[in-house]
Amino acid sequence: MMELPDRFILQMQELLGEKSGGFLAAMKQPPAVSIKINRRKTASPDTFGYDGLTKVKWCGSGFYLPERPVFTLNPLIHAGVFYVQDASSMIYETVIEKIAPMALDTGCTLNVLDLCAAPGGKTTSMINALPDGTRVVANEFVGARAAALKENLMKWGYPEIIITNSPTDRFAAAGELFDIIAVDAPCSGEGMMRKEEMAVTQWNEGLQRQCASLQREILDNAFAALRPGGFLIYSTCTFNRLENEENVRYLVEELEMAPVDLDLPDEWGIGKGIATTYPCLRFMPHMTHGEGLFLCVLRKEGDFPVSGIRKGKSLADMLGGKVRIIADGIPLTTTKGRDTVPTTESVLSCSYKRGSLPEAEVDEKTALSYLRHEAIILDREIPKGYVVVIYKDTPLGIVKNLGNRANNLYPAQWRIRMK
């Protein structure tokens, strides 16, 4: 790891006082390795082939690994059965478990927005905890990151998903459509310094101020898109108060939002806000096994309106063309020439009914060849036509079996390049 900037060290000493020594020592330790299972696809990580797994305290679907394997060569990650994610960020699953029942008091289907969603870790955590039927929008402003977000969410397989590629003010323009909005804001990234060299090299106090300004702009837009009585989850992966507690103060004092105490167990070791009375959460590397994360939940004043607009009208229609939608649900078919072809996304969907198409169970070597977008050969008894490739009783995608070989219909842009 690179040496931390002197000015950053001084800031953390001022912020943490006598506890800064433990913090700085922890920053020199290697980061934890953790994964999260897809609750709609599996109940246990036992089939993943990893030994020595231990539970993440604050997330029922999270597990630590003793060392980092080559995840790319595990076909199940490409099937959306698990996701590699920092343990601290997995708190989103528990947050949703806490607030979704309150949001559901109206009896209406929930509309949930992840406003800064790429690459999709926090979106998938929220999906893990949301009830079936919840309409989820995952947005990313940067085009390349939006493509990665789309791939990850298509593999996760939640059917009621809309993926968008728009600036946050377009959601403000669409009006108060959402019951829960997550803002995992672009930040100075201090909490990622153990994992990403760029977080160290780019750091300066000017970046902190620049990020804080952008964060307030995004929060203003989130507030405008949130229904009265709705919940806002605000988080960053940084340590300074300017981007954290000061933005919570802005939400409370300027936008009149009410902080929500999540009442989490003390034994989880999650820190509290610094120099504030508001119920903020701080994941600090000397206190919790994971990277830096700040989080606070707030509620917009007013009551949830029970509106007929929610019934019989798609969320895409409700957005009114204000945002750029790159995926509205999971595509079931695509067109190749004159043929209508089932999609890989359709068999990765959590709503896919096994047995709808013939299946071919393959070994790991064949599964990896398939995921590299190579032609594969199936057993002779497999019928010709469209066939679902299965690995460890889990769908990976589609081929068109010709008998002597099978044409690979795995999305070319998803193919793995590692040998």
Side-chain angles (χ1 to χ4, degrees), residues 37-38 40-50 69-84 120 124 147-159 161 163 326-419:
I37 64 174
N38 186 335
R40 288 178 173 84
K41 293 190 176 184
T42 185
S44 167
D46 292 343
T47 61
F48 298 173
Y50 301 135
V70 183
F71 287 116
T72 301
L73 298 183
N74 187 331
L76 292 178
I77 194 172
H78 304 283
V81 177
F82 71 97
Y83 189 98
V84 182
T124 53
L149 173 68
K150 179 181 177 182
E151 177 180 343
N152 287 332
L153 292 180
M154 289 294 107
K155 290 176 178 178
W156 203 250
Y158 181 68
I161 189 74
I163 303 165
I326 60 175
D328 183 3
I330 292 177
L332 302 181
T333 60
T334 188
T335 302
K336 289 186 178 294
R338 296 180 179 179
D339 294 336
T340 299
V341 180
T343 65
T344 288
E345 293 94 328
S346 69
V347 301
L348 294 178
S349 170
C350 297
S351 61
Y352 176 70
K353 291 181 171 53
R354 293 286 299 273
S356 299
L357 290 169
E359 297 181 350
E361 180 80 28
V362 300
D363 59 18
E364 183 181 82
K365 181 179 179 181
T366 305
L368 290 172
S369 292
Y370 173 74
L371 293 168
R372 293 187 181 105
H373 204 256
E374 299 167 355
I376 61 174
I377 298 174
L378 303 179
D379 292 339
R380 289 172 178 254
E381 66 269 17
I382 302 298
K384 293 182 180 181
Y386 297 113
V387 175
V388 180
V389 178
I390 302 292
Y391 174 74
K392 289 190 175 181
D393 201 35
T394 302
L396 287 183
I398 296 280
V399 295
K400 187 173 184 180
N401 187 28
L402 305 177
N404 60 333
R405 63 182 173 85
N407 286 347
N408 195 324
L409 302 181
Y410 193 70
Q413 66 274 22
W414 291 5
R415 69 187 184 278
I416 62 175
R417 293 171 172 83
M418 181 179 290
K419 298 295 184 181

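Model, not experiment: these values are computed from the prediction.
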Original post:
Listed by chain and number, what are the salt bridge (Lys or Arg N to Asp or Glu O under 4.0 Å) partners of Glu374, not counting sequence neighbours?
Top reply: Lys419
Which donor-acceptor pairs under 3.5 Å do side chains of residues 378-399 form with protein atoms, sequence neighbours excluded?
| from | atom 1 | to | atom 2 | distance (Å) |
| --- | --- | --- | --- | --- |
| Lys392 | NZ | Thr47 | O | 2.9 |
| Asp393 | OD1 | Arg354 | NH2 | 3.1 |
| Thr394 | OG1 | Lys392 | O | 3.2 |

Original post:
If you round to the nearest 0.5 Å, how far is CG of Leu402 from CG of Asn407?
Top reply: 4.5 Å
Original post:
To the nearest 0.5 Å, what is the distance between CZ (Phe48) and CZ (Phe82)?
Top reply: 6.0 Å
**OP:** Report the residues that fulfil side chain to side chain contact (heavy atoms under 4.5 Å, CB included) with Thr333, sequence neighbours left out, ordered by chain and then residue number.
**Re:** Thr340
**OP:** Would you indicate whether the side-chain heavy atoms of Thr335 and Val341 approach each other to under 4.5 Å?
**Re:** no
**OP:** Quick one: list whatever passes side-chain hydrogen bond (donor to acceptor under 3.5 Å, both in side chains) with Asp328, sequence neighbours left out.
**Re:** none
Subject >> Any donor-acceptor N/O pair, Thr124 side chain to Gly120 backbone, under 3.5 Å >> reply: yes
**OP:** Could you list the residues that satisfy side chain to side chain contact (heavy atoms under 4.5 Å, CB included) with Ile377, not counting sequence neighbours?
**Re:** none
Original post:
Can you name the residues that form a salt bridge (Lys or Arg N to Asp or Glu O under 4.0 Å) with Lys353, not counting sequence neighbours?
Top reply: none
Original post:
So, does His78 use its side chain to make a donor-acceptor pair with the main chain of Thr72 at under 3.5 Å?
Top reply: yes
Original post:
Considering residues at least two apart in sequence or located in another chain, which fulfil the side-chain hydrogen bond (donor to acceptor under 3.5 Å, both in side chains) criterion with Ser44?
Top reply: Asp46
Subject >> Pairing residues for Thr366 by the side-chain hydrogen bond (donor to acceptor under 3.5 Å, both in side chains) criterion, not counting sequence neighbours >> reply: Asp363
Original post:
CD1/Ile77 to CG/Leu371 distance, rounded to the nearest 0.5 angstrom?
Top reply: 11.0 Å
Subject >> Which residues share a side-chain hydrogen bond (donor to acceptor under 3.5 Å, both in side chains) with Ser351, sequence neighbours left out >> reply: Ser349
For residues 148-155, tabulate all N or O donor-acceptor pairs below 3.5 Å that involve a side-chain atom, not counting sequence neighbours.
| from | atom 1 | to | atom 2 | distance (Å) |
| --- | --- | --- | --- | --- |
| Glu151 | OE2 | Lys155 | NZ | 2.7 |
| Asn152 | ND2 | Pro119 | O | 2.8 |
| Asn152 | ND2 | Ala148 | O | 3.3 |

Subject >> Inter- and intrachain pairs under ring pair (Phe, Tyr, Trp, His ring centres under 6.0 Å), touching residues 335-379, at least two apart >> reply: Tyr370-Tyr410
**OP:** Working to the nearest 0.5 Å, report the span between CE of Met418 and CG of Leu73.
**Re:** 5.5 Å
Original post:
Short question: side chain of Asn401, backbone of Gly403 - any donor-acceptor pair under 3.5 Å?
Top reply: yes
Original post:
Between Ser369 and Ile376, which heavy-atom pair has the shortest distance, and what is it?
Top reply: CB-CG2, 4.0 Å
